[in-house]
Amino acid sequence: MATPRIRPLAVAVSGAALLLALIASATGTSSRATGPAASTYARAVDSAPGTTLRAERLAGSAIDWRGGPITASTGETVNVLVSDALPIETSTPEGWAEFLVGLTHGPEISLLTTHVATLDEVQELCGSRALGCYARDQMVSLGETAPGGTTAEEVARHEYGHHIALHRSNEPWAAIDWGPKQWASAADVCARVTRKEAFPGDQGANYARNPGEAWAEVYRLMDERKAGILTANWPIITPGFYPADTALSAAERDVLQPWSAGKSTLFTRVFGKTTKKVWWIPLSTPLDGELSISATLPNRANHEVALVGPDRRRVIRRAQWISQRVKRMTGSVCGQRTLFVRVTQTGALGRVRVSVATP
């Protein structure tokens, strides 16, 4: 689990000194959706790095709150606190509770405490250039439209995306920084990190290329589309992360059908006198993550067991002996969607069992 830290949503500030230089990713296929023009990103300013949303900061604040645990129309109980500085006619705990249960969500909603505040109060709690922030099961969100036009609902959706990520898995990486498993795989996060095009957990100069922030924005966009909002913009994250339909579908699955563990498959073959000496095992690897291959060989056999790329030529890794009859290799799937295990018979004939654990 990632250590709790502030997850601030960037706010547009006229004349601010620090502007994010956003570089569109050159990766992806022709099916990737086209995002808004990169020129719209000049207005995005990173929030102040290095601050932390601590429980004592909320407890020590002079802000007066109304609300608490509220049973919504769905029967779910959500904990919502609204600042007394917001008009009671437009911002009620009950109204925000109904909004939250209307988001695409799972059981993690019952763990969240939401604080809805004015812009000044949000920036007191989150940082001088933030519209909202999130730390472990605590969300601070805007209760009014920001001067730049960002709505309170947009901020709440973004911050709730962080809450979902905290309660999802993307082993061996932290979903709060990389995004949940299915979306992160669809968005090629691992490959982007390898190419230094994405920077997990970076709340500073690379905020716009932080996949944890990209996930929160993809969640916002996905939920807005489900709500029939088709005019959403993409103001704070590099256009390279703007989601294709496949990424939006993966994001919804991460919320409603989250990944929890990989799968293991056993392959068996008997090498005889007339059997081909090379056995190719195709692997489908739609998700990034940990890969483990174990081969049990006959006595006195010395078969080569190798993980090979989709071209069937490039050897990625060779298995090594871990006991008298067993060879093993481990590694990570990182953008490869098809791989092969190649077993080359040498020495004794007989049964070979290959166990493959994929994400």
Side-chain angles (χ1 to χ4, degrees), residues 1-3 7 22-33 35 161-162 164-203 205-219 222 237-255 257-264 282-293 307-311 314-317 329-341 356-359:
M1 196 71 73
T3 55
R7 301 269 160 191
L22 304 181
I23 303 172
S25 170
T27 63
T29 66
S30 59
S31 63
R32 185 180 298 279
H162 288 310
I164 288 172
L166 184 70
H167 294 280
R168 298 298 184 269
S169 177
N170 188 6
E171 289 294 337
W173 309 291
I176 191 70
D177 293 328
W178 289 63
K181 175 72 73 180
Q182 296 172 88
W183 170 80
S185 299
D188 292 329
V189 169
C190 182
R192 291 172 190 247
V193 172
T194 301
R195 295 191 298 265
K196 300 188 184 301
E197 297 170 359
F199 300 87
D202 192 332
Q203 297 296 114
N206 287 300
Y207 180 100
R209 293 189 287 172
N210 178 347
E213 295 300 329
W215 154 258
E217 282 294 272
V218 169
Y219 171 82
M222 179 271 294
I237 303 300
T238 178
F241 271 120
Y242 188 81
D245 289 342
T246 53
L248 290 170
S249 297
E252 185 172 5
R253 290 195 304 274
D254 277 320
V255 180
Q257 301 168 357
W259 179 91
S260 59
K263 64 177 182 178
S264 295
L283 302 180
S284 175
T285 52
L287 300 177
D288 291 335
E290 293 179 317
L291 175 72
S292 177
I293 299 170
L307 182 66
V308 182
D311 59 2
R314 183 172 66 90
V315 175
I316 299 172
R317 186 164 298 180
M329 73 179 91
T330 58
S332 295
V333 177
C334 187
Q336 307 96 333
R337 297 297 168 241
T338 301
L339 293 168
F340 290 90
V341 176
V356 180
T358 55

Nearest 0.5 Å please: distance from the [atom1] atom of [X] over to the [atom2] atom of [Y].
| X | Y | atom1 | atom2 | result |
| --- | --- | --- | --- | --- |
| M222 | D245 | CE | CG | 13.0 Å |
| D202 | N210 | CG | CG | 6.5 Å |
| Q336 | L291 | CD | CG | 9.0 Å |
| M329 | R317 | CE | CZ | 8.5 Å |
| T358 | L283 | OG1 | CG | 7.5 Å |
| W215 | R168 | CH2 | CZ | 8.0 Å |

*May I have the step-by-step check of side chain to side chain contact (heavy atoms under 4.5 Å, CB included) for E252 and Q257, ending in yes or no?*
CA-CA 8 Å; E252 185 172 5; Q257 301 168 357; over 6 Å; no
*asked:* Run the ring-ring contact (aromatic ring centres under 6.0 Å, His included) test against W173 and tell me which residues pass, sequence neighbours left out.
replied: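 ring-ring contact (aromatic ring centres under 6.0 Å, His included) list for W173, sorted by chain: W178.
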*Let me see the working for L307 and L339 under side chain to side chain contact (heavy atoms under 4.5 Å, CB included), right down to the final yes or no.*
CA-CA 7 Å; L307 182 66; L339 293 168; 4.1 Å; yes
*Using the side chain to side chain contact (heavy atoms under 4.5 Å, CB included) rule, take I164 and D254 through it: C-alpha gap first, then chi angles, then the decisive distance, then the call.*
CA-CA 9 Å; I164 288 172; D254 277 320; 5.8 Å; no
*Is there a donor-acceptor pair under 3.5 Å between the side chain of N170 and the backbone N or O of G179?*
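Yes, N170 side chain to G179 backbone: donor-acceptor pair under 3.5 Å.
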*Does a side-chain heavy-atom distance below 4.5 Å link R337 with S185?*
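A side-chain contact under 4.5 Å exists here.
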